[in-house]
2 protein chains.
Amino acid sequence: MPTISKEDYIKAIYQLESYPDKSVSTTDVANKLEVSKAATSEMVQRLSEQGFLNYEKYRGMSLTEDGKRTALHVIRRHRIWELFLVDVLGLTWSEVHAEAEILEHSTSDFLIERLDKYLRHPKFDPHGEPIPDKYGNLPELPDWVSLPKCEVGKSYRLVKVTDSSKELMDYFTEIGLSLNKVVMIVSRLSYDNSTIIQVGNDSFNISEKIASNLFFIEDV
Amino acid sequence: MPTISKEDYIKAIYQLESYPDKSVSTTDVANKLEVSKAATSEMVQRLSEQGFLNYEKYRGMSLTEDGKRTALHVIRRHRIWELFLVDVLGLTWSEVHAEAEILEHSTSDFLIERLDKYLRHPKFDPHGEPIPDKYGNLPELPDWVSLPKCEVGKSYRLVKVTDSSKELMDYFTEIGLSLNKVVMIVSRLSYDNSTIIQVGNDSFNISEKIASNLFFIEDV
DNA sequence: GTTTAAATTTAAGCATTCCTAACTTAAGAA
DNA sequence: TTCTTAAGTTAGGAATGCTTAAATTTAAAC
Ligand SMILES: [Mn+2]
Ligand SMILES: [Mn+2]
Ligand SMILES: [Mn+2]
Ligand SMILES: [Mn+2]
């Protein structure tokens, strides 16, 4: 059984691997977890010895099957807890990530299956992220597009939000964004590639950096 | 903030202190937590330096006010989780202790107050143990008697069960014992101080050791 | 093709938590 | 009161997980 730290490293590497055409570097992991590169380098070597990673010194890393399985196991617990906290306890979507970040390491398989059953085997968490099933299979995913790539003039439905910043989540709530909300792409400023969207009767200019945390599908 | 280990030591010492006329020894703590006496001795010295315990070498220990507050804080989280798991998720009273033993260290004050509110500020956990409120105050306790001290011929109502052994909890369930169940004390064998109780239509001989885990109040 | 800078690893050190083995103290028995 | 032993502490060592500083390697610039 991996420790809490190891689970967090493995999960971080899994998430970094999801970016296409880029192998995962020590620096990437160190930045994501906010630890030193030295600590990361050591941990990566340990995880590699223990069979969670393929790793060649100075060359970057990739998860083994075992590593992927472990990552999906942690992610499953994280997302089930988030959904549970929102749907049952009534926490907001901006409050749950920090709690889940801890609970994901403190939940037995037995308990997580009970939570899963209670929630009727949900497929997505409160931010629209897919929940792996107990075998590690992800549900089929809609073909989402990040906001900076949405076309001006079209309407889109919000299906996923990156949840790592509470501040950002609160901002999204404030401007009326929630999952499945339909918005209109009013325009895009070539000056800074920001996007102006209309939510209900109000319009907002969303910077490219912020916009990259919002994922939509075209509204039919 | 104490670490998980420290919280477990402090909680163990609190619970050992509840036995009257006995000061808490290194051995007591080591046995309870199933670690070596050496590890306990070291930890006790650290906790003493940090103000959680009064401690004189070779002389035993007692919690400071700070230590008691910390212990009650952990116990609150433990018992609220146990009740939540039973009342909301439908786990049995024998399944929850092990889960709570971990969750008690992974729950923010924010979350525990939400759970508490959801449960309508409960006063007792599924084993009849009192839940400290957020200020550390325990509810008023009934004057319970352990089974070996119950008088033959009288009827008693079960109000508290020691929950540390799953095996024992399952046995209690099997013979029909649950909280608030009324039982009749049929007899006591002087040979081994075991007690014969009647639960519904069945009678059972309960050894003194097992009986000391059951607490009753006289049924009026 | 060198040179240089960035990325990465190694080294040295610290804190925590545990272990076994050796030693010390306290307390009861003789 | 001395002896014996149980209880408790210290010593030495290991694993984890983190830090900063010093090497080392790679890759990009010239
Ligand atoms: Mn999350
Ligand atoms: Mn985490
Ligand atoms: Mn318990
Ligand atoms: Mn615990």
Side-chain angles (χ1 to χ4, degrees), chain A residues 1-14 16-17 19 21-63 66-67 70-71 74 101-102 104-106, chain B residues 1-14 16-17 19 21-63 66-67 70-71 74 101-102 104-106:
Chain A
M1 282 287 110
T3 62
I4 293 177
S5 276
K6 279 177 190 157
E7 286 188 344
D8 279 336
Y9 276 94
I10 290 169
K11 190 179 64 156
I13 294 163
Y14 180 89
L16 290 167
E17 265 184 351
Y19 295 106
D21 16 283
K22 240 210 75 194
S23 91
V24 178
S25 70
T26 303
T27 305
D28 292 339
V29 178
N31 289 339
K32 177 136 191 164
L33 294 178
E34 298 183 275
V35 293
S36 68
K37 290 171 194 172
T40 303
S41 184
E42 278 177 355
M43 180 61 97
V44 160
Q45 289 174 59
R46 237 176 288 145
L47 289 173
S48 165
E49 275 162 32
Q50 290 163 27
F52 296 106
L53 303 172
N54 295 121
Y55 172 65
E56 260 188 290
K57 272 185 192 157
Y58 295 100
R59 285 295 145 118
M61 66 202 76
S62 66
L63 288 173
D66 219 40
T70 303
V74 180
E101 198 54 57
I102 304 172
E104 67 187 357
H105 311 291
S106 314
Chain B
M1 282 287 111
T3 62
I4 293 177
S5 276
K6 280 176 189 158
E7 286 188 343
D8 278 336
Y9 276 92
I10 290 169
K11 191 179 65 157
I13 294 163
Y14 180 88
L16 291 166
E17 266 185 349
Y19 296 106
D21 17 282
K22 240 210 74 193
S23 91
V24 178
S25 70
T26 303
T27 305
D28 292 338
V29 178
N31 289 340
K32 177 137 192 163
L33 294 178
E34 297 182 276
V35 293
S36 69
K37 290 173 196 171
T40 303
S41 185
E42 278 177 356
M43 181 61 97
V44 160
Q45 288 174 61
R46 239 176 287 142
L47 290 173
S48 163
E49 274 162 33
Q50 289 163 27
F52 296 107
L53 309 169
N54 296 120
Y55 172 64
E56 260 188 290
K57 270 184 192 155
Y58 295 102
R59 286 295 146 121
M61 66 201 77
S62 65
L63 289 172
D66 220 39
T70 303
V74 180
E101 198 56 54
I102 303 171
E104 67 187 356
H105 311 290
S106 314

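Keep in mind it's a predicted model, so treat the numbers as computed, not measured. Reminder, nothing fancy here: chain letters follow the sequence lines and each chain counts from 1.
With D/dC18, C/dT16, D/dG8 as the choices, the nucleotide that has an atom nearest any side-chain atom of A/E42 turns out to be D/dC18. If you check D/dC18, C/dT8, C/dA26 against the side chain of A/K37, the one that comes closest is C/dT8. Picking from C/dT8, D/dA27, D/dG8 the nucleotide with the shortest atom distance to the side chain of B/T27 gives D/dG8. Among the nucleotides D/dG17, C/dT8, C/dC19, the one closest to any side-chain atom of A/T26 is C/dT8. When the nucleotides C/dT10, C/dC18, D/dG17 are ranked by their closest atom to the side chain of A/A38, C/dT10 comes out on top.
Taking 4.0 angstrom as the limit, A/R46 places a side-chain polar atom (N or O) nearer than this to OP1 or OP2 of D/dG17. Side-chain N/O atoms of B/Y9 include none lying less than 4.0 angstrom from OP1 or OP2 on C/dT16. Remark: B/S5 is not in phosphate contact with C/dT16, judged by side-chain N or O atoms under 4.0 Å from OP1 or OP2.
Atom pair A/N31:CG and C/dA6:C1' shows a separation of 13 Å (rounding to whole Å applied). D/dA23 atom P lies 13 Å from atom OH of A/Y58, rounded to whole Å. Atom CD in A/E49 sits roughly 13 Å away from atom C1' in D/dT16 (whole-Å rounding). As rounded to whole Å, 15 Å separates atom C1' of D/dC18 from atom CD1 of A/I4. Between the NZ atom of A/K6 and the C1' atom of D/dA15 there is a distance of 9 Å, given to the nearest Å. For B/Q45 and D/dT10, the CD to C1' distance is 9 Å, given to the nearest whole Å. If you measure from atom CE of A/M61 to atom P of C/dA7, you get 14 Å, rounded to the nearest angstrom. In this structure, the CD1 atom of A/I10 is 11 Å from the P atom of D/dG17, given to the nearest Å.
Put simply, the side chain of A/Q50 does not reach to within 4.5 Å of the side chain of A/D66, judged on heavy atoms. Inter-residue side-chain proximity for A/I10 and A/V74 is flagged as unmet; no heavy-atom pair is nearer than 4.5 Å. Here the side chains of A/V24 and A/Y19 are not in contact, with every heavy-atom distance at 4.5 Å or above. Counting heavy atoms from C-beta on, the side chains of B/M61 and B/V29 come closer than 4.5 Å.
No contact: B/T40 has no heavy atom under 4.0 Å from any strand. Using a 4.0 Å heavy-atom criterion, one finds that A/K57 contacts the sugar-phosphate atoms exclusively. Nucleic acid contact for A/R59: sugar-phosphate only, since backbone atoms but no base atoms lie under 4.0 Å from a heavy atom of the residue.
B/K22 pairs by the salt bridge (Lys or Arg N to Asp or Glu O under 4.0 Å) definition with B/D28, not counting sequence neighbours.
When the nearest nucleotides of DNA chain C are assigned to B/Q50 and B/S36 by heavy-atom distance, the more 5′-ward of the two goes with B/Q50. Both A/A39 and B/V24 sit near DNA chain D, but only B/V24 has its closest nucleotide nearer the 5' end.
The line from CZ of B/R59 to CG of B/N54 is 15.0 Å long, rounded to the nearest 0.5 Å.
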